Enquirer: 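Structure in structure tokens, see below.
Everything numeric here is computed off the predicted structure, so don't read it as measured data. Every chain is numbered from 1 and lettered A, B, ... according to where its sequence line falls, protein lines coming before strand lines.
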Number of protein chains: 2
Amino acid sequence: MPIAVEQFILDPAYRGTLQRQLQEIVTAGILAGRFRAGERMPSSRGLARHLGISRITVTLAYTDLVSNDYLSSRGRSGFFVSESAPRPLSFTPPAPAESRVDWSRAIGQRFPPAEIMLRPEDWRSYRYPFIYGQTDPRLFDHQNWRKCALQALGARDFAALTEDSYGRDDPLLVDQIIRHILPRRGIVAEPWEVLVTLGAQNALWMLAQVLLTQRRTAAMEYPCYPALREILTQSRCIATEVPVDVHGLPPADVPAATDVVFVTPSHQCPTSATMPVARRRELLARAETHDFLIVEDDYEFELAFTSSPTPALKSLDRGGRVAYLGSFAKSLFPGLRLGYVVAPEPLIRELRALRSLIVRHVPGHIQRATAYFLAQGHYDAQVHRMARAYRERRAVTEVAIQTHGLTVAGASGFGGSSFWMRAPPGVEAAELARRLRARQVLIEPAGVFFGAGRDPGTHYRLAYSSIPVDDIPEGIRRIAQEGVAMAFGA
Amino acid sequence: MPIAVEQFILDPAYRGTLQRQLQEIVTAGILAGRFRAGERMPSSRGLARHLGISRITVTLAYTDLVSNDYLSSRGRSGFFVSESAPRPLSFTPPAPAESRVDWSRAIGQRFPPAEIMLRPEDWRSYRYPFIYGQTDPRLFDHQNWRKCALQALGARDFAALTEDSYGRDDPLLVDQIIRHILPRRGIVAEPWEVLVTLGAQNALWMLAQVLLTQRRTAAMEYPCYPALREILTQSRCIATEVPVDVHGLPPADVPAATDVVFVTPSHQCPTSATMPVARRRELLARAETHDFLIVEDDYEFELAFTSSPTPALKSLDRGGRVAYLGSFAKSLFPGLRLGYVVAPEPLIRELRALRSLIVRHVPGHIQRATAYFLAQGHYDAQVHRMARAYRERRAVTEVAIQTHGLTVAGASGFGGSSFWMRAPPGVEAAELARRLRARQVLIEPAGVFFGAGRDPGTHYRLAYSSIPVDDIPEGIRRIAQEGVAMAFGA
């Protein structure tokens, strides 16, 4: 008696080929103990007829299952569940747990809820998503990324991919960062001055752990990247906020007693201000005078397209006081979780020891795939393509903003992917965003950059990195229309 | 004047196709400013002749560079550096930094050097590598892993791959863990009771952060996994060591004042002891009585092949006191950096917040590729294949150990991938390992499991997960021979 064809039911919602679905039905049946070792599978003809699919699909699925040792083939007698197929393991589900644990006591250290969602999860279903920092699939070089990822999965790279590398980074990636990326920012670095991280936030967090204690003082920009505020809060250091102006952080306002300054000079987050070179030199001089360190978060420099980027603070740093942070989140995609720190060797050494402790190392495959993407020039082509698209989108956005009379509160001197906007007088940015959502428009109210309970309600961020250029004018029109309606009490 | 063919020099050590190398020469030339916008490339015929390669290779390389916008094609006039090719950015290398920074003061928190190397980096070049925890490429299902990784890179998965997912895990992976992996350990869990981590060590580290403070007490096994010792040291909690016996951790020896116990019941690290079910129940009862929590590190359960695995502590836990840790490091490969925690929801919530703070989330592509590998049954086939190979290797190792009179100090009741060995009387294990290295044999002296400065010098670990079965007898023979020579003062 072969296994009954009725056990096979296709799921119309299945995301994958028929062959794969068939394989999953078989493996699930074996693992659940419904199909037992030695049992005969339905004939390919019979199963194909039952499911209304081609016979070759069934045969291919069976053959693949043979190579995985789920099935065995006995020539003309057909296919059987293999005698050495994985066995289901029996278990008795435990009774529902009755916990006496007092979790409010058991948890020794609480961490701030870091879920700062500026966009709904289903943002891709909105027509006018002016949302920040997500990759536009229309601009991403999917094909070459797949090629590089596949190359990095090759037999030649097996060790790099699979081994526990302890504290080491992929030398190919470090080499590419040093030869290919840093020179554009004027930065010269040796391999031991570079550490690969799980994105820029991971780098910020590690720097805070190593450089700050309860007795140390950090200075940060105000408003600022909310995750940085959380990181500093959690480090329990003394944190000072320094309000930014149109040129970013004013160096003279950094308190003399500061130990570490966290700054975003290329493109202040969130106001977009670019710090002029003179001010950069002033900040470095102040760091020398008062013996503080600088953490330079250069999270978006690749998107410089309106003019040449200003040299990084790090490139002007003669005193070895700057830790420079780069990220592939904007130029590739944020889900990659890949960034790097460039800093003097004693600091890198401590960061590396901390990283070993918390995650051992960054997954090998990600590093190698990115190294290939860089080495083969796809990265440059990609950044170039993005810059071209963003330049156009920015120009269209600017025109629409003028046409419809929106108020820009800040914009980067060199490009980037967003404008810093002020809502009309009397209009709460958060409420404006809520109402626009019902009209298919997403903007990002900026309260989160000011800290909990301190939202002046006045600003929002308008990003053009995910919206098609043709949809920009209508999106802006709706924002203006809704703003006017609210200002006049509609 | 086209660019001179002499600018093209092939590197015989290049690891990749000729076409790719050619592309890299062109992109490097453009990015370095040697090849300028508008310049004509050498003819494909001329360049092919110069390099002694086929003309079609040159043409394919050029064509690909056109699609990346490095080159443009002008029909019969040939290929030119594209006018919109990425421009080299000029910079002046800074003068060598003269740092006044006193790093011994600037670094606020030091982390223990976490580089515990039990094996040389070039271990794959040794003939008899009895080293632990690295994937044997002969057993890994490379082809299907590539297939799944590629599938996860597909357009359909673009959002999962690229988006910043904040605190969320890949629902497909969580579903596979719950439906596919946990039931074999007798564990029933809801999605909100599972957190994906960057490997087991990352999970241990996060649990220590959340559950321990300077005023809390942790109990750990002695000897134990050295990274756990570092994690507990760094957390500054009060840490107690509880010596293990042949059945692992003796519950009665866990101090009553303990807040959290870290335990490896399936396969004690490093002694390989498996904790009997009665003792597991006793440990759970003691946890209830003294109101402590248990962290169960079940890092190697998939390699259970000599008998059915004992149920996980977590599966017996009625009080909701156990946080269970699993990892794909042994069953897939350690460089993947993927693991998970199963624990009551209030604890998972805190761990998730902490993870968001330090790394945001685990890279999306890794999660999705693993989910496919599980869903399509490759994972089971892989574990099955490994178990079969390890069973054979273990049997051969056991025979060789008996034949040559080595001393086993501990072995798992259910399988695993190593033996816990005692060096001959008077022989220092570290010295034995050093001498064996010169004879192509790698063993792991076990001092590191006892803590710095406390190596009794007596034990070593003998793993069979990376050595081909046919080489085991000769490897063991050499260990025995060297041990005897040392014992007799040679």
Side-chain angles (χ1 to χ4, degrees), chain A residues 27 68-69 86 89 91 93-94 97 99-101 103 107-109 111 113-115 135 137 146 149 153 158 161-164 166-167 183-184 186 188 198 201-202 205 210-213 216 315 318-321 333-335 337 346 350 353-354 356-360 363-364 366 377 380-381 384, chain B residues 27 68-69 86 89 91 93-94 97 99-101 103 107-109 111 113-115 135 137 146 149 153 158 161-164 166-167 183-184 186 188 198 201-202 205 210-213 216 315 318-321 333-335 337 346 350 353-354 356-360 363-364 366 377 380-381 384:
Chain A
T27 57
N68 268 342
D69 204 14
L89 287 151
F91 71 96
S99 185
R100 288 201 306 119
V101 179
W103 286 103
I107 286 164
Q109 284 190 70
F111 293 89
E115 307 233 5
T135 304
R146 275 168 66 109
L153 285 166
F158 187 80
L161 164 67
T162 58
E163 267 190 40
D164 184 341
Y166 293 94
R184 306 178 193 202
V188 176
L198 279 147
Q201 179 164 330
N202 179 230
W205 180 84
V210 168
L211 296 176
L212 297 170
T213 65
R216 303 252 165 138
S315 74
R318 293 293 165 282
R321 309 198 155 270
F333 48 86
R337 302 280 86 217
E350 289 299 321
L354 171 59
S356 289
L357 196 66
I358 63 167
V359 295
R360 290 178 94 110
I366 289 175
D380 292 289
H384 190 66
Chain B
T27 56
N68 268 339
D69 205 16
L89 287 151
F91 72 95
S99 182
R100 287 199 308 117
V101 179
W103 286 103
I107 286 164
Q109 284 190 70
F111 293 89
E115 307 232 5
T135 304
R146 276 168 65 110
L153 284 166
F158 187 80
L161 165 67
T162 60
E163 266 189 41
D164 184 340
Y166 294 95
R184 305 177 194 202
V188 176
L198 278 148
Q201 180 163 331
N202 180 229
W205 181 83
V210 167
L211 295 177
L212 297 171
T213 66
R216 304 251 166 138
S315 74
R318 293 293 165 280
R321 310 198 154 267
F333 48 85
R337 301 279 90 218
E350 290 298 322
L354 171 60
S356 291
L357 196 65
I358 63 166
V359 297
R360 291 177 93 109
I366 290 175
D380 291 291
H384 190 67

Enquirer: Please report the closest heavy-atom contact between A:W103 and B:G320, naming both atoms and the distance.
Expert: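 Looking at all heavy atoms of both residues, the closest pair is CZ2-O, 3.6 Å.
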Enquirer: Please name the pair of heavy atoms, one in A:L357 and one in B:Q201, separated by the smallest distance, quoted to 0.1 Å.
Expert: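 Between these two residues, the closest heavy atoms are O-NE2, 2.9 Å.
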Enquirer: Between chain B and each of A:V359, A:V210, A:L212, count heavy-atom pairs under 4.5 Å; write down the option with the most.
Expert: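 If we count pairs closer than 4.5 Å to chain B, A:V210 comes out on top.
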Enquirer: Heavy-atom cut-off 4.5 Å, strictly under: side chain, backbone, both or neither for B:R146 against chain A?
Expert: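 Answer is both: backbone and side chain atoms of B:R146 are under 4.5 Å from chain A.
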Enquirer: Which heavy atom in B:L198 sits nearest to a heavy atom in A:L198, and how many Å separate them?
Expert: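 So the two residues come closest at CD1-CD1, 3.5 Å.
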Enquirer: Considering non-hydrogen atoms only, spot the tightest contact between A:I107 and B:E350 and give its length.
Expert: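 Heavy-atom minimum between the residues: CD1-CG, 3.4 Å.
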Enquirer: Which atom names give the shortest non-hydrogen contact between A:L153 and B:A149, and what distance separates them?
Expert: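 That closest heavy-atom pairing would be CD1-CB, 3.3 Å.
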Enquirer: Among A:V101, A:T213, A:D69, which residue has the highest count of heavy-atom pairs closer than 4.5 Å to chain B?
Expert: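 If we count pairs closer than 4.5 Å to chain B, A:V101 comes out on top.
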Enquirer: Could you check which of A:I366, A:N202, A:I358 has the highest count of heavy-atom pairs closer than 4.5 Å to chain B?
Expert: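 Top option by heavy-atom pairs under 4.5 Å: A:I358.
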